[in-house]
Amino acid sequence: MAKLMKRKTKTLIVIFIISVILSLKFPSEIEEEERAKREKLEKEEKTFSVFLQRESATSTRGGVVSLADELHGLEYDFYRQNCPQAESIVRSTMARIYMQQNDISFGLLRLLFHDCFIKGCDASVFLDDSNGNKNRSIERQAAPNKTLRGINEIEMIKEELDNACPGVVSCADTLALATRDAVVLAGGPFYPVFTGRRDSTQSYFDEAMDEIPKPNDNITQTLFLFSRRGFDERETVNLLGAHNVGKISCDFIRNRLTNFSGTGQPDASVDHDFLNELRLACQDSNSTNHDGTVASMTSREMRNSSSAMIFQGLSTSIPSGARFDNHYYQNLLGGRGLLFADQQLMADENTARLVAVYASDDGTTFRRDFSRSMVKMSNLGVLTGTLGQVRNKCSFPTSQS
């Protein structure tokens, strides 16, 4: 009997070892899976590209516009000849960065937004074109840009690209591609990124000071600034939904908590319980100018001072937003928007209706519209062809021979 039990035990061990060996994936199998994933992603991108091209055939006014006008000289897979691995390099490097900083997605979204909103998606926000002149202010020194994150990460990805294809891929394309990949990594929707952007040779401090929407703007000002870039009300409400991920500095909301618009009272539009949550979260930080912009905290200081940051999902009654969902709009319906400019979407009948639309389902409507809006945002005012340049380092212009 004992011999029989030993024989059965040995048989079971052999079966177990064989099953483990069979379950192992050899390098060739892993490569095959990765190749299949890449092919699936490329197929989705091409399919969505065709879909967007069809949608672009007719404008909202019913007039016919050409696809070339919509894309401003950009192309699908622009680097297919001179750097075919460009997009896979961006994707893999972005994945490594995301593993170390899973809140980088919002930082890159904000960086792209601030870049594209001023003179187009040309990487001008990176540029130090002061040539050592301390009297010349550069775009990234403008108050709305002082807390931007992601510049170092884009420089890292650009270095990887230049190691493979020196001087080929622009900083503007690097930012556009990395942002899309960061959105997907955060659980957001996939959208195609057309490429071929070139980099600006100058930065725009004054424009950044005046034309980037501020966290304390009212709904009229917000809609006006977005409309100047060609975005309608629906697209504006949709793009602001990017605030559903990441962290926001307490410096951007402090005046809502204690002295709103110089009244000495908190913002009456903030839900009372939410007001107490915000005060508790922000009680340890204090560095705000009178206009609501950040006075002295650098991006590094913001990252190292967790007490000065609050998650968008601070609300206890609404999901925390571990994924790219529509809790932002659900919060607004309950008076729990973090920024004054966010909550102001409920102050206008049309934008409030759109907030309700985005909050009403499982996030499908928001994600679908966000994909379209991001394609449009990424194509704003791009430089292509012989315009601009391809910088070697994103922070400095390339010398012209």
Side-chain angles (χ1 to χ4, degrees), residues 41 43-62 70 105-106 108-110 112-113 116 179-194 213 219 222-223 225-227 229-246 248 311-315 317-339 341-380:
L41 189 61
K43 184 177 180 181
E44 288 176 350
E45 186 169 74
K46 290 178 181 178
T47 301
F48 194 23
S49 299
V50 171
F51 164 72
L52 287 168
Q53 291 172 18
R54 287 173 179 170
E55 282 212 332
S56 298
T58 305
S59 70
T60 54
R61 293 192 179 96
E70 288 291 308
S105 301
F106 177 66
L108 290 181
L109 271 168
R110 187 165 175 251
L112 179 74
F113 174 84
C116 294
T179 301
R180 188 273 307 281
D181 293 340
V183 167
V184 172
L185 286 166
F190 174 87
Y191 59 91
V193 173
F194 300 93
I219 186 62
T222 297
L223 290 175
L225 289 175
F226 274 85
S227 68
R229 270 68 186 173
F231 295 106
D232 60 23
E233 290 178 345
R234 187 180 187 100
E235 291 165 332
T236 300
V237 174
N238 179 256
L239 284 169
L240 287 175
H243 289 169
N244 68 15
V245 292
I248 288 181
F311 281 99
Q312 272 287 13
L314 182 61
S315 167
S317 60
I318 299 215
S320 64
R323 290 185 62 82
F324 208 94
D325 57 27
N326 63 345
H327 73 276
Y328 167 83
Y329 302 103
Q330 296 169 2
N331 282 346
L332 295 183
L333 291 177
R336 300 170 75 88
L338 283 175
L339 300 178
D342 289 334
Q343 195 58 49
Q344 275 283 288
L345 293 178
M346 297 302 297
D348 176 88
E349 181 179 350
N350 291 333
T351 56
R353 177 181 55 81
L354 291 166
V355 168
V357 168
Y358 287 134
S360 64
D361 62 12
D362 60 356
T364 299
T365 304
F366 161 63
R367 292 165 65 87
R368 180 198 65 208
D369 286 3
F370 189 78
S371 297
R372 296 168 177 167
S373 298
M374 285 303 295
V375 172
K376 184 172 180 177
M377 171 67 75
S378 301
N379 293 350
L380 285 181

Taking only residues two or more places apart in sequence or in another chain, which ones pass ring-ring contact (aromatic ring centres under 6.0 Å, His included) with Phe226?
->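 If we apply the ring-ring contact (aromatic ring centres under 6.0 Å, His included) test to Phe226, skipping adjacent residues, the hits are Phe113, Phe117.
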
For Tyr358, what residues pass the ring-ring contact (aromatic ring centres under 6.0 Å, His included) criterion, not counting sequence neighbours?
->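 So Tyr358 forms a ring-ring contact (aromatic ring centres under 6.0 Å, His included) with Tyr329.
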
Identify, with sequence neighbours excluded, every residue that meets side chain to side chain contact (heavy atoms under 4.5 Å, CB included) alongside Ser360.
->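 For Ser360, no residue satisfies side chain to side chain contact (heavy atoms under 4.5 Å, CB included) once neighbours in sequence are set aside.
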
Please list, chain by chain and in numerical order, all residues satisfying side chain to side chain contact (heavy atoms under 4.5 Å, CB included) with Leu223, sequence neighbours excluded.
->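 Side chain to side chain contact (heavy atoms under 4.5 Å, CB included) check on Leu223 returns Ile219, Glu233, Thr236, Thr351.
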
[atom1]-[atom2] distance between [X] and [Y], expressed to the nearest 0.5 angstrom:
X      : Y      : atom1 : atom2 : answer
Leu225 : Thr222 : CG    : OG1   : 7.0 Å
Met377 : Leu239 : CE    : CG    : 4.5 Å
Leu338 : Asn331 : CG    : CG    : 7.5 Å

Can you list the residues that meet the side-chain hydrogen bond (donor to acceptor under 3.5 Å, both in side chains) rule with Glu235, with sequence neighbours excluded?
->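 If we apply the side-chain hydrogen bond (donor to acceptor under 3.5 Å, both in side chains) test to Glu235, skipping adjacent residues, the hits are Lys376.
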
All side-chain hydrogen bond (donor to acceptor under 3.5 Å, both in side chains) counterparts of Ser373, not counting sequence neighbours =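 Per chain and number, Ser373 pairs via side-chain hydrogen bond (donor to acceptor under 3.5 Å, both in side chains) with Asn238.
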
Grab the two heavy atoms, one from [X] and one from [Y], that are nearest each other, plus how far apart they are.
X      : Y      : answer
Ala359 : Leu333 : CB-CD1, 3.6 Å
Ala182 : Ser105 : O-OG, 2.7 Å
Leu332 : Gln343 : O-NE2, 3.1 Å
Ala242 : Phe106 : O-CD1, 3.6 Å
Val183 : Pro189 : CG1-O, 3.7 Å
Arg180 : Tyr191 : NH1-O, 2.9 Å

Quick one: does Ser371's side chain have a donor or acceptor within less than 3.5 Å of a partner on Phe190's backbone?
->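 Answer holds: yes.
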
Any donor-acceptor pair under 3.5 Å linking the side chain of Asn244 with the backbone of Asp325?
->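 A pair under 3.5 Å: yes.
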
How are the rings of Phe366 and Phe324 set relative to one another: parallel (under 30°), tilted (30 to 60°) or perpendicular (over 60°)?
->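 Ring orientation, 0 to 90° scale: parallel.
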
Applying side chain to side chain contact (heavy atoms under 4.5 Å, CB included), run through Arg229 and Leu380 and close with a yes or a no.
-> CA-CA 8 Å; Arg229 270 68 186 173; Leu380 285 181; 4.1 Å; yes

Please walk me through it: do Leu240 and Leu339 pass side chain to side chain contact (heavy atoms under 4.5 Å, CB included)?
-> CA-CA 11 Å; Leu240 287 175; Leu339 300 178; over 6 Å; no

What residues, two or more places apart in sequence or in another chain, satisfy salt bridge (charged side-chain N to carboxylate O under 4.0 Å, His left out) together with Asp369?
->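 In terms of salt bridge (charged side-chain N to carboxylate O under 4.0 Å, His left out), with neighbours along the sequence ignored, Asp369 is linked to Arg234, Arg372.
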
Any residue meeting salt bridge (charged side-chain N to carboxylate O under 4.0 Å, His left out) with Arg110, in chain and number order, not counting sequence neighbours |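 By the salt bridge (charged side-chain N to carboxylate O under 4.0 Å, His left out) rule, Arg110 matches no residue at all.
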
Side chain to side chain, Asp361 and Asn326, heavy atoms closer than 4.5 Å |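 With C-beta onward as the side chain, the pair touches.
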
